[in-house]
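Report on the following structure.
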Number of protein chains: 2
Amino acid sequence: MDLNLARTFLTVVYGGSFVLAAERLCVSQTTVTARIKSLEEQLGAQLFVRSASGSSLTPAGERFVPHAQQLLATWQDALRNMSACERKEPLRIGAETGLWQPWLTRWLSWLKLEQPDLHMQARVGQGSMLLDQMENGTLDILLSHQARYRPALHVRLLMEETLVQVRHVENPEPHIQTDWGEAFRQQFELAFPAQHAQIETNVGQLALQLLLEQGGTGYFRSQVVAPWLASGQLMRVAGAPEFSLPVYVMTRKACNHPQLQTALHGIGQLVRQPPHPHDSAVPASDITHE
Amino acid sequence: MDLNLARTFLTVVYGGSFVLAAERLCVSQTTVTARIKSLEEQLGAQLFVRSASGSSLTPAGERFVPHAQQLLATWQDALRNMSACERKEPLRIGAETGLWQPWLTRWLSWLKLEQPDLHMQARVGQGSMLLDQMENGTLDILLSHQARYRPALHVRLLMEETLVQVRHVENPEPHIQTDWGEAFRQQFELAFPAQHAQIETNVGQLALQLLLEQGGTGYFRSQVVAPWLASGQLMRVAGAPEFSLPVYVMTRKACNHPQLQTALHGIGQLVRQPPHPHDSAVPASDITHE
DNA sequence: TGCCCTTACGAAGAGCGTAAGGATG
DNA sequence: CATCCTTACGCTCTTCGTAAGGGCA
C-alpha cells in the first residue's frame, strides 16, 4: 500500500469527485480512477458510489476515512521528527527569471506538501548570476535555460519548451523582445539580423501583459500563449521560425542536503504533467495576479 | 512512501542485518538495500550504520521505529475494519496434490501476512475433482497442472516447471512413478511405451523420500532435486527426456469475493521469486518436515 | 448532449534480481 | 579472507497519460 493511495482517497472524499481530485493532485483523472481501484482491491471493499454527479462514500469508505487520515498523519509526523534533528541549513533553490512561472511556483508548493518542515530558500535572477552561485557553493539546485558543464556540477535536461512568435490581432506594434537567455539571443540574431526591438524585458509575463493591453509582437512559450491563440486575441506570425528553449536542472555534486533527491524527484514529476487546467483556463486572472 | 519500506525497515531492525531481513521477506538482499536507501532519501536521514557485522540503528533510525510500527499497525487495523463487515464466506482455495508443496503453503502464509483476517479454506486433491468443484461453484480459485477451458472459468498460465528423470547414485531400482497429471501421463506413455512402474504415488515428495532412502529412479521437478544433484546423492539419467509441466491458476468469473484479486496477485508474486535459500539449502530437513 | 467515470493501450519509470566490487574486522 | 553491504546493469512489471466508450440526468 502506497500512501499516495490514501492521499488520493482523501482528496476524492473532500472534493466529492474524481475529476476535482485529479486537478488538486495534478494528475490525470484516469490516474485517480486507477489509484482508487487499486485501493479498493487491496482493502477488498468498494469505497465510492460512482454517479453522474460525482462520487460519494460507501459505508466501507466511510469507515476507511479515519484510517487514511491516521496513515498520512503518522507519516507527516515521522517527517517532522526526522528533519527536526537534521541540519537546519535551508535547501537553496534558484530559477532563472523566465522560469519561476509556472515551474518554480509549482515546485515549491509540491515540496511544501511533501516535506512540510523543509527549510527552503528560493531565488529568482539572471541565469549567469545564479550559475556563478552554483559554482560558489551558495546555491544548491538551479533551474535554468543555460547549462554550464563543470566537474562539480550535475546537469540534467528537464524538458524542451517551444518559443513561437505571436502578435496582437489588431495591432502588431511595437516589437517586444524578451530575454530568453543567451542561447536564444544568438539564434534570434541569426534569424533576424537587422531587427531592433522597441521594448525589451526580461520577464515573459510582463511582455505578454503589455502585448495584450497595448498590442505588439513577440516570442513566447507556446504553452503559455495557447489560450489566447485559441480565443483569437493573439495570432501566430506567419513564417516566423520557432525556437527551442531547453530547461536544465543543475545540482552541486558536493551538496549533501538530505532533501536534495526529493526535490529533484519532484521537479521531474511536475514537468511530465500536462499543462494544468488552471494555468490556461483563466488566462486573464493569471496575468493580473502577477 | 510505500508501506513495504516500513515493513522492510522493521524487519532489518528486528533481525539486525540486511541479509537476514532479505531472507525473512523472501527478497534478494539488494532489494533490501534499495528499499532502505529509498526510505532514507524520503526521510532525509540515514537510518542504519552499516558494518561488517550487520546494521544497527542510527539515532534517527531509532526515532523512526515507532512511526514505522504505527504505520503498519494502522494499515492492519484498516484491513481488519474493512473485512469485518464483508461477507464472512471464506475464500476457497484448491491445489492439485503435486502443487501444495511449496506453492500452496507459501501462498497461504503470504495471504495470512497480507490479510490477517481473511477467512480461507484450503483443499488439496485430485485435479479433476477440484476442477469439478470449480465448475460447481464450490471452489473459488485453483492451482493445477491441468487447465479446463469453460466460459465461466478464467485460466492463466502461471509458470512451466521442468520434470527431469533422476536416479539414486548407487541403486537405480525400483522405478517410482509419480502421477504428475493427465498431460504428463500421456507424454510419458509415448516416451516409454512398455514401461511399468514398480511403485506409484501421487505425491512427489513421498516418491523423493523413498528414492533417497531406498534408491530408485523417477521423474521430479528439476528445482526440487537440484540440491541433491549438486550434493551428488542423485544423478540425472542420461538420455531421458525432460517434460514440461505447466501450472495454471483458475478462477471462477462469477466469484466476487473481495480478496480474490489480492490472492491472485500474491501467487503471481511468489512464482516469480527464485527458490528460496531455505527451500534448497536444507534438503534433509525439508523432507523430514513433511 | 454534457458530465463523470471506465476501459484499452502504448510509453516511461520503478522495482527487483544477477553479477561483481568495496569495506571492515 | 569471510561477511556484509553497495554499485552496475538488464529485465519485467507497474504506473501514468491519451484516446475512446458507457451510463445517467
Side-chain angles (χ1 to χ4, degrees), chain A residues 1-5 7-9 11-12 15-23 25-42 46-58 61 156-159 261-262 264-277, chain B residues 1-5 7-9 11-12 15-23 25-42 46-58 61 156 158-159 261 264-277:
Chain A
M1 219 289 287
D2 194 297
L3 293 187
N4 265 334
L5 303 189
R7 184 173 297 133
T8 305
F9 169 76
T11 309
V12 174
S17 98
F18 286 24
V19 176
L20 190 57
E23 285 183 13
L25 293 168
C26 294
V27 296
S28 82
Q29 182 271 323
T30 60
T31 298
V32 175
T33 296
R35 287 186 184 169
I36 297 298
K37 188 178 170 190
S38 164
L39 189 57
E40 288 179 329
E41 275 176 9
Q42 292 186 56
Q46 191 168 327
L47 298 171
F48 291 103
V49 181
R50 281 81 157 165
S51 84
S53 61
S55 295
S56 57
L57 286 167
T58 62
R156 195 178 110 204
L157 176 65
L158 251 192
M159 58 175 168
Q261 291 306 319
T262 307
L264 266 178
H265 181 245
I267 187 67
Q269 295 259 48
L270 289 182
V271 298
R272 277 193 288 107
Q273 281 162 17
H276 200 279
Chain B
M1 218 287 289
D2 194 297
L3 294 187
N4 265 334
L5 303 188
R7 184 175 297 131
T8 305
F9 169 76
T11 310
V12 173
S17 97
F18 286 24
V19 176
L20 190 56
E23 284 183 12
L25 294 167
C26 295
V27 296
S28 82
Q29 182 271 323
T30 59
T31 298
V32 175
T33 296
R35 287 184 183 172
I36 297 298
K37 189 178 169 190
S38 163
L39 190 56
E40 289 179 328
E41 276 176 9
Q42 293 186 57
Q46 191 167 329
L47 297 171
F48 291 104
V49 181
R50 282 81 157 165
S51 84
S53 60
S55 295
S56 57
L57 286 167
T58 61
R156 193 177 111 202
L158 250 191
M159 57 175 169
Q261 291 307 319
L264 266 177
H265 180 244
I267 187 67
Q269 295 260 49
L270 288 181
V271 298
R272 276 191 290 108
Q273 280 163 18
H276 198 279

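Note that this is a predicted model, so its numbers are computed, not measured. Convention: sequence-line order gives letters A, B, ...; per-chain numbering from 1. Only this structure's heavy atoms are used, side chains among them; waters, hydrogens and symmetry mates stay out.
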Write down the distance between [atom1] ([X]) and [atom2] ([N]), rounded to a whole number of angstrom.
X: A/M1; N: D/dT14; atom1: CE; atom2: P; value: 18 Å
X: B/M159; N: D/dT12; atom1: CE; atom2: P; value: 18 Å
X: A/L25; N: D/dT15; atom1: CG; atom2: P; value: 16 Å
X: B/L5; N: C/dC16; atom1: CG; atom2: C1'; value: 13 Å
X: A/N4; N: C/dA14; atom1: CG; atom2: C1'; value: 13 Å
X: A/E41; N: C/dT6; atom1: CD; atom2: C1'; value: 14 Å
X: A/K37; N: D/dC16; atom1: NZ; atom2: C1'; value: 14 Å
X: B/L47; N: D/dT6; atom1: CG; atom2: P; value: 12 Å

>> Looking at A/S51, I'd like to know whether one of its side-chain N or O atoms comes within less than 4.0 Å of OP1 or OP2 on C/dC5.
In response: no
> Does a nitrogen or oxygen in the side chain of B/R50 sit under 4.0 Å from OP1 or OP2 of D/dT6?
Replying inline: yes
Contact check, side chains of [X] and [Y], non-hydrogen atoms, under 4.5 Å:
X: B/E41; Y: B/K37; answer: yes
X: A/N4; Y: A/R7; answer: yes
X: A/I36; Y: A/R50; answer: yes

Looking at [options], which one has an atom nearest to any side-chain atom of [X]?
X: B/R35; options: C/dC5, C/dC16, D/dC5; result: C/dC16
X: B/V19; options: C/dT18, D/dC4, D/dT6; result: D/dC4
X: A/T33; options: D/dG17, C/dC16, C/dC5; result: C/dC5
X: B/T31; options: D/dC16, D/dT14, C/dG17; result: C/dG17
X: A/A52; options: C/dG17, D/dT18, D/dG23; result: D/dG23
X: A/T30; options: D/dT6, C/dC5, D/dG17; result: D/dG17
X: A/S28; options: D/dG17, C/dG17, D/dC5; result: D/dG17

> Is the A/F18 ring parallel, tilted or perpendicular to the A/F48 ring (thresholds 30°, 60°)?
Replying inline: perpendicular
> Contact class for B/S38 vs. all strands (heavy atom < 4.0 Å): base, sugar-phosphate, or nothing?
Replying inline: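 The residue B/S38 makes no contact with any strand.
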> How far apart are the C-alpha atoms of A/L20 and A/T11, what are their side-chain angles, what is the distance that settles it, and do they pass the side chain to side chain contact (heavy atoms under 4.5 Å, CB included) test?
Replying inline: CA-CA 8 Å; A/L20 190 57; A/T11 309; over 6 Å; no
